[in-house]
Amino acid sequence: MDLIKVLNKLSIMILIIKGIKMKIIEDLKKYLIEEYKVKDESSLEILPEICPQGMKGDLTINCFKLIKALRGKPDDISNKVFEFFDKESDVISVEKVKAFVNIVLTPIALHQSSVAQIANLLAPPIDKDSAKKILIEFSAPNTNKPQHLGHVRNNTIGMALASLMKRAGHNVIPVNLVNDRGIHICKSMIGYQRFGNNETPESTNTKGDHFVGKFYVQYNTELKKQIAELRSVQPELKDVKEDDLFLKTEIGLATQKMLQDWENKKSSVISLWEMMNAWVFKGFDETYKRMGIEFDKTFLESNTYLLGKDLIAKGLEDGAFTKREDGAVIVDLGKKLGEKVVLRSDGTSVYITQDIGTTIKKYNEFTPDQQIWVVGDEQILHFKQLFGALNKMGHKWSDTLYHLAYGMVNLPSGKMKSREGTVVDADDLFSEMVNLAKTSTLERCGDDIPADIDERSEIIGMGALKFMLLKFNPKTTISFDPQASVKFEGDTGPYVQYACARINSIIKKAELAGITSDDTVDWELLSSDFEKNLSIRALFYPDIIKTAASKMDCSILVSYLLDLSKDFSRFYRECPVLSNSNTKEIKVARVAMCCKIRDILTDGLKTLTISVPSAM
RNA sequence: GUUCCCGUAGCUCAGAGGAUAGAGCAUUUGAUUUCUAAUCAAAGGGUCGCAGGUUCGAAUCCUGCCGGGGAUACCA
């Protein structure tokens, strides 16, 4: 036993290489630098890979990737790598296939570099010097209707990205910018004035955002009716677009008047606006709370919509912008992006005017190293123009701005369209998911209904939804089938949660048997492929966090957690932990392994803003 | 017209220039006296849209074409 302890201490000499912390790999690097007389040591990065199935090995060194740094031939390099490993006592066997060198490590060397160093695996992979202050804006809802599946994707990606960046070691400030003013807001206000009958969310027992959304729908119905009437009286308007007929309708004119009154701060309009917005915000708060979303700061468009005008004037002076013959101020963004109007000829703002203003305001307020917007991919051009305009204005930080463009969410029937009533409402979706989780939990429990059934169902249902949305690369347009794609089997959140639940159950039973996490672990005993695979996978966790953060892609972490859970499920089947046929030492070692794997799974899910239920 | 994204198994999707292109679902089959079967094991299923090019090596990079979607407002 003492010998083991000494060996443990020796291999604790851990060094960091691109997220993979292994002494043997660092030694290999030193050896190759010596052999090939490499001058710039930082040019040589050795990132081992998991050996593919069917090959004999734990880890693989791909020598093709070392050609550049070493300036050698693939065959020579792989021979040298082979020779190096052949002499290492931590290596049981080495195999060279073409320029790939596959090594099998002793269990103790492997586990000591991996799960035994759980604190290292869970530490932020980015050092303090390269940590950035990142402002991330997402959600950006309108206050005239409740949120739908598209917002849910935005919210989920935004919050998980913020959490991921934080986990990687950055300083993250999540912010929201609520579109609480404008013609569309006036539409729901007119709708309420005409059809509201002085009802309130309380009097009708309706969630505030749904309550207001109802009047937005009624408004649009009325508008459509008036347009139809107009066309029946004036048949020549048949081919004119609906948008162009807006100001020819009575309700359209009333809406425009209301917007003007709002901008002139007419008290009756302002108080109606304040009352209805308060209802919506209360509803949104519930939605955000249920999703586990918190913002450090919420900007309101009603406070920011006038920003930018003076900046345009200054840009005009500095020559960043030019005045066109018709009086509009434009920015010339070159051949690809063309000209963009930044101020109307009548001197009023366009959308990009206030975006310029808000972005500069955010920069001055927080001085971040990077600003990120999580906004749908239909606005790619807009953001390119925004960044281009800021660049022209001489803001050097404009090249640190980043638009994380995510794809749309389609239904099997096609696009979601609010006008056709094919929108999946966020709150309905949450309830459906949680109910599904509850039903299947009840099925599994039989008569033994757990006391925390509702809390558990909430965690499982919401976890399944978030996991599903994060599984896809953000930029892909995804197809969401509420019936089929939302199951709790296979590559899902509950699969990962289930692995955690099984581990928790084992640990509870182990404690009853007198096995604790303080017991000394003999890692040598975990020598099966199933046990080694867990350590191999765990070894890559910091690198996965780092890569996912640098690519701003949570799906990388999602795939990893599925792989690790899969490795665990196999281990669970093949290596009983508390079986009576096991010695106490084996039980202790396997319990320790379970704890470490659970820690990683829990940490990974938490990073994705997903919780783990007490049991399943 | 210009521009951006996508095209990989029946379906939904991973593949960070490298080995025999992978998962899940669906289909077929097997596993529960042993720590939770929301699990595990296995089978079938692929001209990686097409054609060139770069490379020792291309699903991955470049060019062209075909197909699908988005953006091309003094809308937000």
Side-chain angles (χ1 to χ4, degrees), chain A residues 47 49 51-55 60 62-65 67 73-74 97-100 102 140 142 179 182-184 243 301 324 326-330 335-338 340-355 376-382 384 405 407-408 410 412 415 437 440-441 443-444 460 464 468 471-473 475-481 484-485 487-495 497-499 501-510 513 547 550-551 553 555-556 558-559 562-563 566 569-570 572-581 587 590-591 594 615-616:
Chain A
L47 184 63
E49 294 159 25
C51 195
Q53 287 218 327
M55 300 284 176
T60 293
N62 180 350
C63 298
F64 285 114
K65 290 186 173 170
I67 294 173
K73 290 180 181 168
V97 185
K98 295 187 203 171
F100 297 93
N102 303 325
N142 295 320
N179 300 300
I183 196 81
H184 54 299
D243 287 352
E301 204 190 299
R324 215 162 50 182
D326 58 8
V329 179
I330 59 150
K335 225 177 181 181
K336 276 203 170 181
L337 298 177
K340 174 72 185 169
V341 170
V342 291
L343 199 68
R344 287 195 188 103
S345 48
D346 64 3
T348 55
S349 298
V350 285
Y351 185 56
I352 200 167
T353 317
Q354 43 175 305
D355 251 10
D377 58 9
E378 72 275 6
Q379 290 198 37
I380 286 175
L381 181 62
H382 168 79
K384 280 185 181 167
M408 296 204 310
N410 288 337
K415 277 191 191 175
S440 67
T441 305
E443 271 172 22
R444 292 160 49 76
I460 296 168
M468 192 276 295
K471 199 169 82 176
F472 306 104
N473 182 312
K475 71 180 171 188
T476 52
T477 302
I478 61 175
S479 168
F480 179 87
D481 186 342
S485 75
K487 290 191 173 173
F488 297 155
E489 288 160 18
D491 281 354
T492 62
Y495 179 81
Q497 289 173 324
Y498 185 58
R502 284 171 141 185
I503 294 173
N504 284 335
S505 173
I506 289 174
I507 290 167
K508 228 182 255 174
K509 290 202 163 90
T547 308
S550 73
K551 295 180 100 172
D553 183 357
S555 70
I556 292 171
V558 168
S559 303
L562 285 169
D563 286 338
K566 224 166 278 177
S569 291
R570 288 177 188 142
Y572 182 89
R573 180 59 109 187
E574 301 297 329
C575 309
V577 177
L578 301 173
S579 163
N580 289 333
S581 54
K587 288 183 191 173
R590 287 185 177 167
V591 166
C594 286
M616 284 175 81

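The sequence lines fix the lettering, A, B, ..., with proteins before strands; numbering per chain opens at 1. Bear in mind the structure is a predicted one, so any value in this text is a computation, not a measurement.
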* Asked: Is any side-chain N or O of A:K336 closer than 4.0 Å to OP1 or OP2 of B:rU2?
  -> no
* Minimum-distance nucleotide (side-chain atoms of A:A615 versus B:rA16, B:rC35, B:rU36) -> B:rU36
* Asked: In whole Å, what separates the P atom of B:rG7 from that of B:rU39?
  -> 28 Å
* Asked: From the list B:rG18, B:rA38, B:rA76, which nucleotide is the closest neighbour of the side chain of A:H184?
  -> B:rA76
* Asked: Mind checking whether A:F100 and A:F64 have parallel, tilted or perpendicular rings, split at 30° and 60°?
  -> perpendicular
* Nearest listed nucleotide, side chain of A:R344, among B:rC75, B:rA19, B:rC4 -> B:rC75
* Asked: Could you go step by step and tell me if A:D491 and A:K566 meet the side-chain contact (heavy atoms from CB on, under 4.5 Å) rule?
  -> CA-CA 9 Å; A:D491 281 354; A:K566 224 166 278 177; 3.6 Å; yes
* To do: Compare every heavy atom of A:I380 with every heavy atom of A:A405, then report the nearest pair and how far apart it is.
  => CB-CG1, 3.8 Å
* Nearest-neighbour nucleotide for the A:S440 side chain, B:rA16, B:rA38, B:rC74 considered -> B:rA38
* **Between P of B:rC5 and CG of A:N410, the distance in whole Å** => 19 Å
* Under the salt bridge (Lys or Arg N to Asp or Glu O under 4.0 Å) rule, collect the residues that match up with A:E49, sequence neighbours excluded. => A:K65
* In whole angstrom, give the distance that lies between atom OH of A:Y351 and atom P of B:rC75. => 14 Å
* Asked: Between the base of B:rU36 and the side chain of A:R444, is there a donor-acceptor distance below 3.5 Å?
  -> yes
* For A:Y498, answer base if it contacts any base atom (sugar-phosphate contacts may also be present), sugar-phosphate if it contacts only those atoms, and nothing otherwise; contact means non-hydrogen atoms under 4.0 Å. => base
* Using the aromatic ring of A:F64 (for Trp, its six-membered ring), decide whether it stacks on the base of B:rG57 within the limits of 5.5 Å and 30°. => no
* Classify the nucleic acid contact of A:I478 as base, sugar-phosphate or nothing, counting any heavy atom under 4.0 Å across all strands shown. => sugar-phosphate
* Asked: When all nucleic acid strands are considered with a 4.0 Å heavy-atom cut-off, which category describes A:N142: base, sugar-phosphate, or nothing?
  -> nothing
* Within less than 4.0 Å of OP1 or OP2 of B:rA23, is there a side-chain N or O belonging to A:Y495? -> no
* Asked: What's the verdict on salt bridge (Lys or Arg N to Asp or Glu O under 4.0 Å) for A:R344 and A:D346, showing C-alpha distance, side-chain angles and the deciding distance?
  -> CA-CA 5 Å; A:R344 287 195 188 103; A:D346 64 3; 5.1 Å; no
* With sugar-phosphate meaning primed atoms plus P, OP1 and OP2, does A:A501 contact a base, only sugar-phosphate, or nothing at under 4.0 Å between heavy atoms? -> base
* Asked: Can you tell me how far P in B:rA51 sits from the matching atom in B:rG70, rounded to whole Å?
  -> 28 Å
* To do: Using whole Å, report how far CE of A:M616 lies from C1' of B:rA37.
  => 13 Å
* Given atom CE of A:M408 and atom P of B:rG69, what is their separation to the nearest angstrom? -> 10 Å
* To do: Evaluate whether atom CG of A:N580 has more than 12 neighbouring non-hydrogen atoms of other residues, nucleotides or ligands under 6.0 angstrom away.
  => no
* Structure fact -> Side-chain atoms of A:R570 come closest, of B:rA38, B:rC40, B:rC35, to B:rC40
* Counting heavy atoms from C-beta on, name the nucleotide in B:rA76, B:rU36, B:rA71 closest to the side chain of A:L381. => B:rA71
* To do: For B:rU32, take OP1 and OP2 only and decide whether either is under 4.0 Å from a side-chain N or O of A:R573.
  => no
* To do: Have a look at A:Q379 and say if it touches a base, only the backbone sugar-phosphate, or nothing, with a 4.0 Å heavy-atom cut-off.
  => base
* **Atom C1', compared across B:rU29 and B:rA14: separation rounded to whole Å** => 27 Å
* Asked: Taking only side-chain nitrogens and oxygens of A:K487, does any of them come within less than 4.0 Å of OP1 or OP2 of B:rA26?
  -> yes
* To do: Give a yes/no on whether any side-chain N or O of A:T476 is located under 4.0 angstrom from OP1 or OP2 of B:rA14.
  => yes
* Distance check: side-chain N/O of A:S345 vs OP1/OP2 of B:rC74, anything under 4.0 Å? -> no
* Counting side-chain heavy atoms from CB outward, which of B:rU36, B:rA41, B:rG18 is closest to A:F100? -> B:rG18
* Structure fact -> A:K471 atom NZ is separated from B:rC11 atom C1', nearest whole Å, by 12 Å
* 5'-most contact on RNA chain B: A:S559 or A:K65, nearest heavy atom basis? -> A:S559
* To do: Round to the nearest Å and state the distance from A:D553 atom CG to B:rA14 atom P.
  => 9 Å
* **Nearest-Å distance once atom C1' is located in both B:rC11 and B:rG18** => 30 Å
* Trace of the side chain to side chain donor-acceptor pair (under 3.5 Å) decision for A:N179 with A:H184 -> CA-CA 10 Å; A:N179 300 300; A:H184 54 299; 5.9 Å; no
* Give the C-alpha distance, both sets of side-chain angles, the deciding distance and a yes or no for side chain to side chain donor-acceptor pair (under 3.5 Å) between A:N102 and A:T60. => CA-CA 4 Å; A:N102 303 325; A:T60 293; 2.8 Å; yes
* Asked: Between B:rC56 and A:K73, is there an OP1 or OP2 to side-chain N/O distance shorter than 4.0 Å?
  -> no
* Is A:K340 near enough to B:rA73 that one of its side-chain N or O atoms lies under 4.0 angstrom from OP1 or OP2? -> no
* According to a strict under-4.0 Å criterion, is A:R502 in side-chain N/O contact with OP1 or OP2 of B:rU39? -> no
* Asked: Which sits closer to the 5' end of RNA chain B, A:K566 or A:E489, going by the nucleotide each is nearest to?
  -> A:K566
* To do: For B:rG17 and B:rG10, measure between their C1' atoms and round to the nearest Å.
  => 31 Å
* To do: Describe the nucleic acid contact of A:S555 in one word from base, sugar-phosphate, nothing, applying a heavy-atom distance below 4.0 Å.
  => nothing
* To do: Pick the C1' atom in B:rA19 and in B:rA59, then give their distance to the nearest Å.
  => 15 Å
* Asked: How is A:C51 classified with respect to the nucleic acid when contacts are heavy atoms under 4.0 Å: base, sugar-phosphate, or nothing?
  -> nothing
* Asked: Expressed as a whole number of Å, how far does the P atom of B:rC56 sit from that of B:rA26?
  -> 46 Å
* Structure fact -> Taken in chain and number order and not counting sequence neighbours, the residues that satisfy salt bridge (Lys or Arg N to Asp or Glu O under 4.0 Å) with A:D553 are none
* Asked: What integer number of Å spans the C1' atoms of B:rA23 and B:rC40?
  -> 16 Å
* Asked: What about A:T60: does its side chain form a donor-acceptor pair under 3.5 Å with the base of B:rA19?
  -> yes
* To do: Starting at atom CD of A:E378, determine the distance to atom P of B:rA76, rounded to an integer number of angstrom.
  => 15 Å
* Structure fact -> note: A:E49, atom CD; B:rG18, atom P; distance rounded to Å ~ 8 Å
